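Notes for the one structure printed next.
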Amino acid sequence: MLKIYNTLTRSKETFTPRVAGKVGLYVCGMTVYDYCHVGHARVMVVFDTVTRYLRYLDYEVTYVRNITDIDDKIIHRANENGEDFYALTERFIDAMHEDEHALFVLPPDHEPRATSSIAEIIAMIEKLIERGFAYIGKNGDVFYAVEKFKDYGKLSGKNLDDLQAGERVDIDLAKRNPMDFVLWKMAKAYEPSWQSTWGNGRPGWHIECSAMATCCLGNHFDIHGGGMDLQFPHHENEIAQSEGATGEKFVNLWMHNGFVRINEEKMSKSLGNFFTVREVLKEYRPEVIRYFILSSHYRSPLNYSDESLKDAVSGLTRLYTALRDVEIIQSDIEVEYKQRFEQAMNDDFNTPVALSVLFDLARELNKTKSPALATTLKYLASFLGLLQENADNFLQGETDDNAAIETQIQARIDAKLAKNWALADQIRDELKAQNIILEDSPDGTTRWRRE
RNA sequence: GGCUGCGUAGCAAAGCGGUUAUGCAGUGGCCUGCAAAGCCAUCUAGAGCGGUUCGACUCCGCUCGCAGCCUCCA
């Protein structure tokens, strides 16, 4: 029985989909004005793993992850670059897809874009005005009147009286209440804009998700996810907009993943302390990043450091080493490990425990070299998006000097047969200096891997 | 000021009211010409103070420390 932590109730709940056997899942994706950093990678990997596991449980999942391709930052960045905003977002959408692909993240079923959903956005705003939740401000912008929505704050545990307006941003005098937020923003000269009854403008930050989510998954769906920092105001506002416009409950279960941190501080663009996925990929294999992300529970903080990534390399090396030279037969799965794996994942997607099951499997596999255990290991790991490479590929890496290495290994085997230990050790040391580690087998053959 | 979380061994990271988490590192052994890998054994825990309990790392309270949110943010 799958249990998932619901931010709305602050507790783990037994997961019951609205329609038996089917799950609608919406995740807030990127605002595309720059490359994805490790924090974005966490969202992609976590919800990819959630989707894989839901499918493993035989749910028919509709996974929607949007792209926000119009907002102030995009406009600002495009101006800085002197390029059309659409060219900018196209570029970074492509880059995002490359990063996603590298990290073994399966594409979502739908990837709606804000700029392709303008009609739906306008329709929702009209509905909100009609139902009395929205008004036209003194500057012509359309605002959401938070006081009109009785449950405002139910997700983030805030109430309007406690919120300190103007904490970080100047109070906008065009609003009736400082907490009101923009639904439709009037365009300044030369800004990208779309026609509406309120004039040429563009959608505010939160409305695009309400429109795209209800459009793709219906007014009421099962799971909505995203980073913890979206809880307030973004997700709170999504609830206010969607429930205000439709009169129906928006989402049953809210999932929020924790932050990636650097030196006990949140990795973020504004702090400038971020590493992009492509930067990290220059140093580490993609699977290392994925393992690193899954080695901590999705709601816990994840501390980014060179050491953590090296730990991930060690862990993966151990698992792949166990898989080396064992036949994978697509048949029998060891039930005991399968059950332990499920138990871990059923407990709010506890990937660290699921990984520990894989390590227990690896130990047993090292002892017995049983094909059934190897099959089980690879099978279970597939739902984490791990261990799907050929073991030697992972351990040796793709290189062009493999032939030279093999030649030296053969020379060493000859030396060993002649009991010329000095030469044998010299060859081994030379290879070690190139980070090539040799491992002799009892049958006289020698294997190698890259350190 | 309001609201969330968190504090576990050398490092990373989980579950659990009483029984080995797991990975890396360390130590001892087996294996090996010697190594490496692997296997076996083993040492380091639960911020502090109270309370509940036969028994608490696990539940409750307080204190201290850390992180996050309060319209940039995944």
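Keep in mind it's a predicted model, so treat the numbers as computed, not measured. Side-chain atoms are counted along with the backbone in the values below, which use heavy atoms only and exclude waters and symmetry mates. Just so we're on the same page: letters track the sequence lines, and every chain starts at 1.
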Any side-chain N or O of A:Ser300 less than 4.0 Å from the OP1 or OP2 oxygen of B:A14?
yes
Heavy atoms under 4.0 Å, any strand shown: does A:Thr7 hit a base, just sugar-phosphate, or nothing?
nothing
Separation of A:Asn66 atom CG from B:A74 atom C1', in whole Å?
11 Å
Is A:Gly226 touching bases, backbone alone, or none of the nucleic acid, heavy atoms closer than 4.0 Å?
sugar-phosphate
Rounding to an integer number of Å, can you tell me how far A:Leu316 CG sits from B:C24 P?
12 Å
To the nearest Å, how far apart are A:Asn159 CG and B:G1 C1'?
13 Å
I'd like the C1' distance from B:C43 over to B:C24, given in whole Å.
16 Å
If a protein heavy atom is under 4.0 Å from the base, mark B; if only from the sugar-phosphate, S; if neither, -; do that for nucleotides 35-42 of chain B going 5' to 3'.
BBSSSS--
Ignoring hydrogens and geometry beyond distance, is the side chain of A:Lys266 in donor-acceptor contact with the base of B:C73 at under 3.5 Å?
yes
Expressed as a whole number of Å, how far does the P atom of B:A35 sit from that of B:U27?
14 Å
Can a donor-acceptor pair under 3.5 Å be found between the side-chain atoms of A:Ser270 and the base atoms of B:C72?
yes
For a quick check of understanding: with a heavy-atom distance under 4.0 Å over all strands, which category does A:Met267 fall into, base, sugar-phosphate or nothing?
base
Rounding to an integer number of Å, can you tell me how far A:Arg340 CZ sits from B:A14 C1'?
12 Å
Pick out the pairs of N or O atoms, protein on one side and nucleotides 6-11 of chain B on the other, that lie under 3.5 Å.
{"unit_1": "B:C11", "atom_1": "O2'", "unit_2": "A:Glu307", "atom_2": "OE2", "d": "3.1"}

